[in-house]
Amino acid sequence: MPELTAENTAFWTGGARGQLMIAFCDHCQNAIHPPQVICPACQSRHVGPRAVEGSGTIYTYTVNHQPWMPGMVVPFAIAVVDVDGARGVRVTAPVTGCEADAVKIGQRVRIAFEPSGEVWLPLWMPLERTAA
């Protein structure tokens, strides 16, 4: 599990409220992920989390067929998603709600969350069901 820090706590706990929280620079409005103390675009220290729409487009993905732990269900897909409302931000997370072979580049997805201890892990779900 990720270690919670002042910079990343909003991202890892926003799922409790159903919100995808992305860091933004208050000075230049640059979206920053992973979250940082200083904006890499303008070096401002005025950076804070904002809720974004929670949808996006699959940029790329991979399908895992190897059960790395006993009881792990395979295959499963992990997608890198261009996040709507956060230009330049991509969030990598498992895809749920469809078969792994139904995941496609360019597919529209929405965020969901799964609690795990103190954090809420992001998951991507297709906006439209695809035929398997």
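The first residue in the sequence is number 1, and the count goes up from there.
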How far apart are the C-alpha atoms of Glu118 and Thr13, what are their side-chain angles, what is the distance that settles it, and do they pass the side chain to side chain contact (heavy atoms under 4.5 Å, CB included) test? CA-CA 7 Å; Glu118 293 182 85; Thr13 61; 5.8 Å; no

Given side chain to side chain contact (heavy atoms under 4.5 Å, CB included), test Ser44 with Cys28 step by step and report yes or no. CA-CA 8 Å; Ser44 172; Cys28 73; over 6 Å; no

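Nearest heavy atom pair, residue Thr92 against residue Trp124, reads C-NE1, 4.5 Å. The heavy-atom pair separating Val95 from Pro126 by the smallest distance is CG1-CD, 4.4 Å. For the pair Arg90 and Asp82, the tightest heavy-atom approach, listed with the atom from each and the gap, is NE-OD1, 2.6 Å. Nearest heavy atoms, Pro2 versus Val119: CG-CG1, 4.0 Å. When every heavy atom of Pro122 is checked against every heavy atom of Pro94, the shortest pair comes out as O-CD, 3.7 Å.
No side-chain donor from either of Gln29 and Arg87 sits under 3.5 Å from a side-chain acceptor of the other.
Taken together through direct or relayed side-chain contacts under 4.5 Å among Ile, Leu, Val, Met, Phe, Trp and Tyr, Val91 and Met21 form parts of separate hydrophobic clusters. Both Ile111 and Ile58 belong to a common hydrophobic cluster when Ile, Leu, Val, Met, Phe, Trp and Tyr are linked at side-chain heavy-atom distances under 4.5 angstrom. No path of Ile, Leu, Val, Met, Phe, Trp and Tyr side chains, each step under 4.5 Å between heavy atoms, connects Met1 with Ile78, placing them in separate hydrophobic clusters. Val47 and Val89 are assigned to two separate hydrophobic clusters, defined by single-linkage of ILVMFWY side chains at heavy-atom distances under 4.5 Å. By the criterion of side-chain heavy atoms lying less than 4.5 angstrom apart, applied directly or through intervening Ile, Leu, Val, Met, Phe, Trp or Tyr residues, Leu121 is grouped together with Ile22 in one hydrophobic cluster.
The closest side-chain heavy-atom distance from Val103 to Val63 is not below 4.5 Å. By the 4.5 Å heavy-atom criterion applied to side chains, Arg45 and Val37 are counted as neighbours. Contact of the Asn30 side chain with the Cys42 side chain is not registered, since no non-hydrogen atoms from C-beta on lie closer than 4.5 Å.
Under the side chain to side chain donor-acceptor pair (under 3.5 Å) criterion, Glu114 pairs with no residue at all, not counting sequence neighbours. Residues meeting the side chain to side chain donor-acceptor pair (under 3.5 Å) test with Arg17, sequence neighbours left out: Gln19. By the side chain to side chain donor-acceptor pair (under 3.5 Å) test, Gln36 is found to be paired with no residue, residues two or more places apart in sequence or in another chain being considered. Shown here are the side chain to side chain donor-acceptor pair (under 3.5 Å) partners of Arg108, two or more places apart in sequence or in another chain: Thr57, Asp84.
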Under 3.5 Å donor-acceptor pairs involving side-chain atoms of residues 67-76, not counting sequence neighbours:
| from | atom 1 | to | atom 2 | distance (Å) |
| --- | --- | --- | --- | --- |
| Trp68 | NE1 | Asn64 | OD1 | 3.1 |
| Trp68 | NE1 | Gln66 | O | 3.4 |

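For the atom pair Leu20 CG and Trp120 CH2, the distance stands at 14.5 Å (nearest 0.5 Å). Taking OG from Ser55 and CE from Met125, the interatomic distance works out to 13.5 Å, rounded to the nearest 0.5 Å.
Contact check on Arg50 versus Asp26 returns a salt bridge, with a Lys/Arg side-chain nitrogen under 4.0 Å from an Asp/Glu carboxylate oxygen.
Screening residues 8-65 for ring pair (Phe, Tyr, Trp, His ring centres under 6.0 Å), with sequence neighbours left out, gives Phe11-His33.
Looking only at distances, a side-chain donor or acceptor of Asn8 sits under 3.5 Å from a matching main-chain atom of Glu3.
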